[in-house]
Amino acid sequence: MADEWIRIAAPATTSNIGAGFDIFGISLKEPYDIIEGRRTDSGIIITEVSGPGSESIPTDPLQNSVSIAAQEVLRRCGEDFGIEIRIRKGIRPCSGIGSSGASAAGGAYLAHILCGEKLDPTEVVLCAAHAEDVTSGGFHADNVAPCVLGGFTIIRSYEPFEVINIKPPEDLGVVVAMPDVLVPTRESRAVLPKEVSVKDLVFHVGNASCLVYAMMTGDLGLIGRSVKDAVFEPARAHLVPYLKEAESAAMSHGALVSFLGGSGPCIISFFDKKYLNGEVIAGSIKSLYSEKGMKCDTWVTECGTGCRRI
Ligand code: HSE
C-alpha cells in the first residue's frame, strides 16, 4: 500500500548571527529544499535526490538527514509504517545556510504530518536536531529551530531544551552570498577554541542581549551594531577566501552589517528594505569574487516562515 505524496518546503536559515553561536537563527524566504514523501507499509527509503550538490548526499536512510529525522518522529509517535522519500535540494550542502538543517527539519516535518501532527513543535525541532547531531558532528538546533518554527529563534537552553520564537522586523532585508567553496560544518567546528575569555564572554552577552531587544523593537540600527562576534568568526575566517573583503564591499554599499553565516562559507548582509532593495549589495560581493576568479551565487531575500506544506 502506498499513499498520496506530501510536499514540504524547508527553508534555508542563517545561524549564530554574531554573538549567538549555536543559539540564534533566522529562517529565510529563499532558497529552500523540497522534501516529498508518502506513507508505505514499512521501511524508510530514499528514491530520489536531486539539485545542487545532490551527488554528495547519501541515499542510505541511516546516513541521510531527512530519513534520520523522519525515523525519530516515527519512534516518538510509536508508529512503524514506512515512508518513501524524494529530496530536491535548493540549498547546496556545506553552504552555511542550514542545508543539512533544512533536510532534517523537512524530514521531521513530513513525518510529523504523516503521523497526524501528534508532536508539539518543539519536539519536531528536537527530532531534526537529532539528525543534525548524527550528520554534522554536534547537537545544535540553531538551524533546525528557525527552519521548523520560522522567524528569529533563540535556544535558551539545550538541557532541558527550550526555544523562544520572535517575529523579526518587517523591514529587515537579507542578502545571502555563497562563494564557490565548500566548508563542511564538522571541519568548521573543529577549528573553534574550546574556551573563551571573560572579556569575550562579556562582549558576547552585551551584543546578544541587544540583538534580541533590537529584533523585538524593530531597531534596525541597533541590529547592525549588535551583530558582533569576537570568537567564532575570527577562528573560521581563514576557511572562506576574501571574507573580510566581501563584508567590506557589502558595508560600503549600504549594508547594516555583514557577517559569516553559520559555519560558512555564506556571507550574510542585513539591509533596511525601506531604503535599499539589496541587489546593490549582492552585486558588490559578486563582483569582488568575480575579480578574484571565483563564482559566487547570491539571493536577495528576507526573513520567512518555517517548514510548510506546498
Ligand atoms: N551554529 C552552528 C555552527 C551552525 O556555527 O557550527 C552550523 O551551520
Side-chain angles (χ1 to χ4, degrees), residues 11-30 96-98 101 105 120-122 124-126 128-129 140-176 200-233 247 250-251 254-262 266-278 281 299-308:
T13 49
T14 186
S15 59
N16 300 342
I17 316 174
F21 176 75
D22 279 1
I23 302 297
F24 292 157
I26 287 183
S27 111
L28 302 175
K29 207 163 175 183
E30 288 182 312
I97 47 170
D120 70 41
T122 304
V124 179
V125 172
L126 279 173
H140 60 96
D142 53 337
N143 290 109
V144 293
C147 192
V148 171
L149 304 172
F152 176 58
T153 54
I154 307 164
I155 314 289
R156 185 199 67 78
S157 158
Y158 275 91
E159 288 182 31
F161 188 72
E162 185 176 351
V163 57
I164 306 295
N165 194 200
I166 292 173
K167 190 172 181 303
E170 298 278 344
D171 290 328
L172 186 63
V174 184
V175 174
V176 178
D200 288 341
L201 177 67
V202 169
F203 182 80
H204 273 229
V205 172
N207 281 291
S209 307
C210 285
L211 181 61
V212 172
Y213 176 83
M215 285 285 179
M216 295 186 74
T217 56
D219 186 337
L220 297 197
L222 185 59
I223 289 178
R225 296 196 299 285
S226 305
V227 178
K228 292 269 169 29
D229 177 356
V231 178
F232 304 96
E233 179 172 327
E247 290 175 352
M251 293 306 287
L256 295 163
V257 64
S258 185
F259 54 99
L260 182 67
C266 267
I267 298 138
I268 305 295
S269 306
F270 287 162
F271 65 95
D272 188 336
K273 288 198 287 179
K274 286 196 298 302
Y275 306 113
L276 277 182
N277 72 9
I281 298 171
W299 292 265
V300 176
T301 185
E302 58 193 354
C303 304
T305 65
C307 287
R308 64 189 201 283

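- Contact check for Ile17 versus Ile268: no side-chain heavy atoms found under the 4.5 Å cut-off.
- Within the 4.5 Å cutoff, the side chain of Val227 has no heavy atoms near those of the Asn207 side chain.
- The backbone N or O of Leu260 sits less than 3.5 Å from a side-chain atom of Glu233, completing a donor-acceptor pair.
- If you take CD1 on Ile23 and CD1 on Ile154, they are separated by 9.5 Å, rounding to the nearest 0.5 Å.
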Full working for side chain to side chain contact (heavy atoms under 4.5 Å, CB included) between Tyr275 and Leu220: CA-CA 12 Å; Tyr275 306 113; Leu220 297 197; over 6 Å; no
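- Distance check: Leu28 CG to Trp299 CH2 gives 10.5 Å after rounding to the nearest 0.5 Å.
- Counting all heavy atoms, side chain and backbone alike, Ala145 lies closest to Val125 at CA-CG1, 3.9 Å.
- The neighbour count for Glu170 CD, taken as heavy atoms of other residues, nucleotides or ligands under 6.0 Å away, does not exceed 12.
- Across every non-hydrogen atom of His140 and Ala129, the tightest pair is O-CB, 4.3 Å.
- Contact of the Ile223 side chain with the Leu211 side chain is registered, since non-hydrogen atoms from C-beta on lie closer than 4.5 Å.
- Using a 4.5 Å heavy-atom cutoff, the side chains of Val174 and Lys29 are not in contact.
- Here the side chains of Asp229 and Phe21 are not in contact, with every heavy-atom distance at 4.5 Å or above.
- Closest approach of Leu222 and Cys210 over heavy atoms only: CD2-O, 3.8 Å.
- Test Thr153, Thr14, Asn16, Thr13 against Asn143 for side chain to side chain donor-acceptor pair (under 3.5 Å) and you get one pass: Thr13.
- Between Leu256 and Asp272, the shortest heavy-atom contact is CD1-N, 3.9 Å.
- Taken to the nearest 0.5 Å, the CD1 atom of Ile26 stands 12.0 Å off from the CD atom of Glu302.
- For the pair Thr122/Val163, a side-chain contact is recorded, criterion being any heavy-atom separation below 4.5 Å from C-beta on.
- The structure places NZ of Lys167 at 12.5 Å from CE of Met216, a figure rounded to the nearest 0.5 Å.
- Closest approach of Val300 to Glu30, counting heavy atoms only: O-OE1, 4.4 Å.
- Taking both residues in full, the closest heavy atoms of Val257 and Met251 are given as CA-SD, 3.5 Å, listed atom of the first, atom of the second, then distance.
- Using a 4.5 Å cut-off on side-chain heavy atoms (C-beta onward), Ser27 and Cys147 make no contact.
- In this structure, Leu172 CG and Lys273 NZ are separated by 8.0 Å, a value rounded to the nearest 0.5 Å.
- Phe232 is not listed as a side-chain neighbour of Asp22, based on a closest heavy-atom distance of 4.5 Å or more.
- Using cut-offs of 30° and 60° for the angle between ring planes, the Phe24 and Phe152 rings count as tilted.
- Within a 6.0 Å sphere centred on OH of Tyr158, heavy atoms belonging to other residues, nucleotides or ligands number more than 12.
- Interatomic distance, Cys303 SG to Ile166 CD1, rounded to the nearest 0.5 Å: 11.5 Å.
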